[in-house]
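To keep things clear, I will list the structure first and then write my remarks on it.
Since this is a predicted model, take the numbers as computed values, not measurements.
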Amino acid sequence: MTDNETTAGTETGLWPATPAKSAPAIALNEDLNVDLAIVGGGFTGCAAALEAARLGASVAVLEARSIGYGGSGRNVGLVNAGLWLSPETIIAQMGENYGRRLIDALAEGPDRVFEIIAREGIDCEATRAGTLHLAHSPGGLADLEKRHRQGNAFGAALHLLDAEQTRQRTGSDAFHGSLWNPKAGTIQPLAYCRGLARAALRHGATIYSDTPVRSAEWSGGVWSVQAGDYTVRAGALLQATNAYDTAWAAQGAHRYVPVNYCQFATRPLPSEALETILPGGEGCWDTAMVMSSIRLDRAGRLIVGGMGDGQGPGGRIHGGWARRKLRALYPALADMPFEHEWSGRIAMTADHLPKALALGPSGLSIFGYSGRGIAPGTVLGAAAAGYLLNGNEAELPLPLIEDYSERMTGAKAVYYEFGASAMHAIAARLRPAR
């Protein structure tokens, strides 16, 4: 039996099994009046709660399950700057003003994350050794060369590594080169999310788990949020559910395509293997269309991730792919068993840009990280709190939009899953880059 998500409300995978401080676990048991109500206890919601509480506002977080239950607690744990998109693509899609604002804000994302970790004393295996974007093919290397040029032109300090340098850093000869961002790093994502929640509590926020929101309405100059038998009245409302909508949030469905990502963690590697496999501690992801990732945790487990739903009909296919991927990258680990398997959902927008959607007066929904949740969630959560408390749109590095929807989101979700399953089913042994 694998460590999969099988029961609603049950935390699964490696991260809940890794020693970490607990998160708030009290259900809402009274009516409340607060300045800011937040629906969702992931990176965005908890970062917003921490920021609002530090600003002196009264704030209540309402989480349907447990803190970090959704995509935040199932994350790979790469603290990267920016988005999947290159800077020039962001400018082309958003325009010079907002494009530059978003690029600049998210470029500082890793700084914000690691500053919060240090300031609030969050124990989350924080390792700031950078991340490696790995070229899976010559075409992938050409893409990294463009990203290197663009990123540094916009103020980043990226380093383009050749195949041999990449082999030394990864311990694998499967890659044609890589792009190293020394400002980035890795964390234990569930521990980070829980740490944000505990920090928000220390600064005066209230946080409730097992508290699904049934409805939220603006009336008489206040939001009335119904959760179970109780009502939270708030001057402002933030929806921060992303790809894990509650019954209330699902009323605004079709705003993104839900895409799945699965991960497989080995037992801790022997010390001799750790001398050559990611000896510097970088987290990695590749340039393939059906992306994959590799990283180590503090205990030395190797974590292999890839697109696809490990709990769906293609679960056996994805599991078989992970075994072949491990064997191709590190032949000496061919028979190393996977001790944990888990999957999470990503909210993918058509243009791969996050959205700031106005829900009404003093109401906002932030969503659509397209697989890049830690630093953007932290930055945009804090920005959303500032905007909702003072009404200044300059707080937001995203344009505020009044309406947003996408067509055929269900069909597209099926397409993405089918594509990942097909690619994983036919994936051949990786060939050495040299």
Side-chain angles (χ1 to χ4, degrees), residues 1-6 10-18 68-78 125 131-132 134 136 170-172 174-175 186-191 259-270 273-274 277-278 281-286 288-346 371 373-374 416-417 419-430:
M1 182 175 179
T2 60
D3 202 4
N4 291 333
E5 176 190 354
T6 57
T10 301
E11 293 177 322
T12 61
L14 171 62
W15 307 131
T18 303
Y69 168 83
S72 298
R74 304 165 195 274
N75 199 281
V76 176
L78 305 186
E125 304 187 15
T131 55
L132 293 168
L134 304 169
H136 79 293
T170 63
S172 174
F175 304 106
T186 61
I187 58 173
Q188 204 273 43
L190 179 59
V259 177
N260 293 284
Y261 197 86
C262 53
Q263 297 183 74
F264 305 80
T266 69
R267 64 179 57 164
L269 302 184
L274 293 172
I277 295 175
L278 296 172
E282 301 94 341
C284 311
W285 79 105
D286 66 22
M289 179 178 296
V290 180
M291 189 202 79
S292 63
S293 59
I294 53 172
R295 62 159 295 188
L296 295 170
D297 75 345
R298 179 183 287 170
R301 300 178 183 90
L302 184 66
I303 305 165
V304 178
M307 304 297 292
D309 182 2
Q311 285 73 62
R316 291 177 63 87
I317 293 174
H318 301 312
W321 163 84
R323 171 56 53 195
R324 295 192 301 275
K325 183 79 170 181
L326 181 63
R327 184 182 301 124
L329 291 176
Y330 303 109
L333 303 182
D335 297 322
M336 175 72 69
F338 290 120
E339 292 191 334
H340 300 275
E341 304 174 20
W342 69 102
S343 293
R345 290 199 299 272
I346 295 167
I374 297 176
Y416 278 120
E417 178 60 29
S421 296
M423 291 298 293
H424 284 171
I426 65 175
R429 185 186 302 272
L430 294 177

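For Tyr330, the ring-ring contact (aromatic ring centres under 6.0 Å, His included) criterion is met by no residue, not counting sequence neighbours.
Contact detail for Gly305 and Trp321: the closest heavy-atom pair is O-CH2, 3.3 Å. Closest approach of Met336 and Pro270 over heavy atoms only: CE-CD, 4.0 Å. Contact detail for Leu333 and Arg323: the closest heavy-atom pair is O-NH1, 3.8 Å. Here the closest heavy-atom approach between residue Ser421 and residue Gly314 is recorded as OG-CA, 4.1 Å. Contact between Gly13 and Trp342 at its shortest, heavy atoms only, is CA-CB, 3.6 Å. Scanning all heavy atoms of the two residues, the minimum distance from Gln311 to Ser343 falls at OE1-CB, 2.9 Å.
Of the inter-residue distances, the one linking Asp309 atom CG with Cys262 atom SG reads 7.5 Å to the nearest 0.5 angstrom. A distance of 9.0 Å separates CG in Asp297 from CG in Leu269, rounded to the nearest 0.5 Å. We find the CD-CG distance between Gln188 and Leu14 to be 7.0 Å, quoted to the nearest 0.5 Å. Between the CE atom of Met307 and the CE atom of Met423 there is a distance of 12.0 Å, given to the nearest 0.5 Å. Note that CG of Leu296 and OG1 of Thr186 are 8.5 Å apart. Values are rounded to the nearest 0.5 Å. The structure places CD1 of Ile294 at 5.0 Å from CG of Leu278, a figure rounded to the nearest 0.5 Å.
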Checklist entry - After noting the C-alpha distance and the side-chain angles of Phe175 and Leu329, does the key distance pass the side chain to side chain contact (heavy atoms under 4.5 Å, CB included) rule? => result CA-CA 9 Å; Phe175 304 106; Leu329 291 176; 3.4 Å; yes

Next on the checklist: Working note: Phe338 + Leu326, criterion side chain to side chain contact (heavy atoms under 4.5 Å, CB included); need CA distance, chi angles, decisive distance, verdict.
Outcome noted: CA-CA 10 Å; Phe338 290 120; Leu326 181 63; 3.9 Å; yes

Item to check | Val76 vs Tyr261, side chain to side chain contact (heavy atoms under 4.5 Å, CB included): CA-CA, chis, key distance, verdict | outcome: CA-CA 9 Å; Val76 176; Tyr261 197 86; 3.6 Å; yes

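No side-chain donor-acceptor contact under 3.5 Å links Arg295 to the backbone of Gly281. For the pair Glu125 (side chain) and Arg298 (backbone), a donor-acceptor distance under 3.5 Å is present. Side-chain atoms of Asp286 come within 3.5 Å of backbone atoms of Ser292 as a donor-acceptor pair (strictly under, hydrogens ignored). Without hydrogens or angle criteria, Trp15 side chain to Asn75 main chain gives a donor-acceptor distance under 3.5 Å. Checked by atom type and distance alone, the side chain of Gln263 pairs as donor or acceptor with a backbone atom of Arg74 at under 3.5 Å.
Contact of the Asn260 side chain with the Arg345 side chain is registered, since non-hydrogen atoms from C-beta on lie closer than 4.5 Å.
Side chains of Glu417 and His318: a donor on one and an acceptor on the other come within 3.5 Å.
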